[in-house]
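Worth saying up front: this structure is predicted, and the values here are computed from it rather than measured. When a residue number appears, it is its place in the shown sequence, counting from 1. Atoms within each ligand, like the ligands themselves, are counted from 1 in listed order.
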Amino acid sequence: MHVETWEKCLLFIRERIPAQSFSTWFEPIQPVRLHNEVLTIQVPSQFFYEWLEENYVHLLKQAIKSQIGENGRLEYSVVVDRGNDSVQPTTVSVSGGSNNHNKNRVNGYDAYKNPDFYRELKNNSNLNSSYRFDNFIEGDCNRLARSAGFAVAQKPGITSFNPLMFYGGVGLGKTHLVQAIGNEIISADNTKKIIYVASEKFTNQFIDALRNNNLQDFINYYKEVDVLILDDVQFLREKEKTQEIFFHIFNHLHQGGKQIIMTSDCAPKDLKGLQERLVSRFKWGLTADVQAPDFETRMAIIQTKMQADGISIPDEVVEYIAYTVDTNIRELEGVVISLIAHASLAKTQIDLELAKQILKNIVTDIDSEVGIDYIQKTVSDYFKVELEDLKAKTRKKEIVIARQVAMYFSKDYTNHSLKSIGYHFGGRDHSTVIHAVQSVNDMIDTNAKFRFAIDELKKKLKIRTAVA
Ligand code: ADP
Ligand code: MG
């Protein structure tokens, strides 16, 4: 009887919510009994029960009403036992009419906290003290992100930048920046509870918690933080259940005025595979992009890192590296570290020749590759347009042509992806790059003067390729 009633309730519910939510939150429920118009259902955990009450209480009431009638009531039986054979579910009664479950918290709640789980999480903010603001170099590419991050670090949870979300390609400093925020907050007030966690780790912790039946600990742990830093949220794509949990934690923290900071490898609107309601939450605060470092920033990064190691190198070498390594900061760092290692071994001053030799061995395809920056500079010189205009929105004909030509060479002469090329041209779409390449090919076919220009440019770019 109770099984049948519950199945009818399920039919009622199934029609009204997304399939994913249904299978997450309703399939695991077991009907226990139906007695005096009270239907008792068993749910796997305290958290599960709270979640149902928070999100589906009205739907459940409707379902009960439709199957049992006006006086129908629902009672939860919450499993709090952790894996023993003698499962003795503690029961909490929640009537269909009242919403007093907070007064009626499940007994024995403390008993099933898992000390190991807590210990692992508790002493571990996962902050790495080498990522700080004072060694984060500011440039046009990261100015907005840095200043928003700094503001949040001064007043976590209080600014309107909540959540704060940084996005951009790999190796551009997102992790450095969010860690710097965490370190800054801790240094001002070490009672603040901060957790930095990579989304992958978060997902694994969640899965472990499910498996070990301590989902509640997991949830509570994250609900207690003052600042939650979730790195690389793109990793949550297609992970529906992890998203549900994060959504729940997110709402709790946000409502409590706690700071949430996230990073992603793409803009929120491109986070396909993430629930819409989650993505729309991300947009509540501030979203700032971190772009590939421009030439000046690359120069500054090389100089600073060299100085930090007490090594000085001639400007032309710094310039050469900055021109050649234009993909991301991680790669740039790798090159600088290699140079430093060589310099200290050889005990010689690093000159241009040595730098070229070293780079040849560590930067793949350097022989055939010129950097996008160099292409942009060569092309803008040739067409006598401003370098900056190549990255700007300007639609003036001569600039559009120069921009397309520079994109065309970037596609041909570098290993950058279409997406990355678009990035280097003022954050344009990969389809814009495809279009540029097609236009240039068309013009080469139809316009002799243009063809000549392309040949000239090829020579200029090739000379440098041979020298490098
Ligand atoms: P992401 O998380 O975007 O992939 P990271 O934060 O891991 O990038 O940065 C890659 C490396 O480059 C790190 O070692 C970081 O310290 C360094 N780095 C990135 N941006 C900067 C910057 N603006 N100033 C100094 N170092 C930086
Ligand atoms: Mg990162």
Side-chain angles (χ1 to χ4, degrees), residues 125-153 163-184 194-204 228-237 260-268 270-271 282 286-309 311 318 321-322 324-341 362-363 373 416-417 419-420 423-424 427:
S125 68
N126 287 318
L127 289 174
N128 174 344
S129 59
S130 57
Y131 292 126
R132 299 182 310 271
F133 277 107
D134 64 24
N135 61 6
F136 184 84
I137 290 152
E138 189 176 347
D140 287 344
C141 53
N142 58 32
R143 200 177 311 283
L144 172 66
R146 202 209 82 99
S147 60
F150 196 73
V152 163
L164 178 62
M165 162 92 136
F166 297 137
Y167 70 92
V170 294
L172 300 182
K174 301 181 298 296
T175 298
H176 187 136
L177 204 48
V178 295
Q179 286 259 350
I181 299 173
N183 283 316
E184 178 82 12
I194 303 181
I195 297 295
Y196 165 91
V197 63
S199 297
E200 184 171 9
K201 186 165 178 204
F202 181 84
T203 304
N204 290 336
L228 176 61
I229 305 172
L230 190 63
D231 207 358
D232 291 317
V233 291
Q234 76 277 358
F235 189 84
L236 301 184
R237 277 191 188 116
I260 300 151
I261 302 167
M262 294 171 291
T263 75
S264 156
D265 71 352
C266 62
D270 298 324
L271 272 170
F282 294 173
L286 180 82
T287 306
D289 65 339
V290 183
Q291 297 194 342
D294 44 90
F295 181 71
E296 285 75 19
T297 311
R298 298 203 296 273
M299 294 272 289
I301 286 170
I302 299 163
Q303 273 155 348
T304 312
K305 305 241 178 225
M306 291 281 187
Q307 266 163 22
D309 271 62
I311 291 189
V318 177
I321 303 168
T324 318
V325 187
D326 69 350
T327 45
N328 67 51
I329 297 174
R330 186 169 308 166
E331 192 171 31
L332 196 59
E333 263 192 338
V335 168
V336 171
I337 289 166
S338 294
L339 280 176
I340 291 171
I362 49 182
V363 182
D373 269 322
H416 284 268
S417 65
K419 196 173 158 202
S420 165
Y423 226 140
H424 283 77

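- Of the inter-residue distances, the one linking Cys266 atom SG with Asp289 atom CG reads 12.0 Å to the nearest 0.5 angstrom.
- Screening Leu164, Ile260, Val233, Thr287 for a side chain to side chain contact (heavy atoms under 4.5 Å, CB included) with Phe282, the sole residue that qualifies is Val233.
- Ser125 places no side-chain N or O within 3.5 Å of a backbone atom of Ile195 that could act as its donor or acceptor partner.
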*Audit row: Ile329, Ile137, side-chain contact (heavy atoms from CB on, under 4.5 Å) steps and yes/no*: CA-CA 11 Å; Ile329 297 174; Ile137 290 152; over 6 Å; no
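- Rounded to the nearest 0.5 angstrom, Leu172 CG and Leu177 CG are separated by 11.5 Å.
- In this structure, the side chains of Ile321 and Leu339 come closer than 4.5 Å at one or more pairs of heavy atoms.
- The immediate protein surroundings of ligand 1, defined as residues with any heavy atom under 4.0 Å of it, consist of Tyr131, Asn135, Phe136, Ile137, Asn142, Gly169, Val170, Gly171, Leu172, Gly173, Lys174, Thr175, His176, Lys305, Ile329, Arg330, Glu333.
- Inclusion of Thr175 in the first shell of the Mg ion (ligand 2) is supported: an N, O or S atom falls under 2.8 Å.
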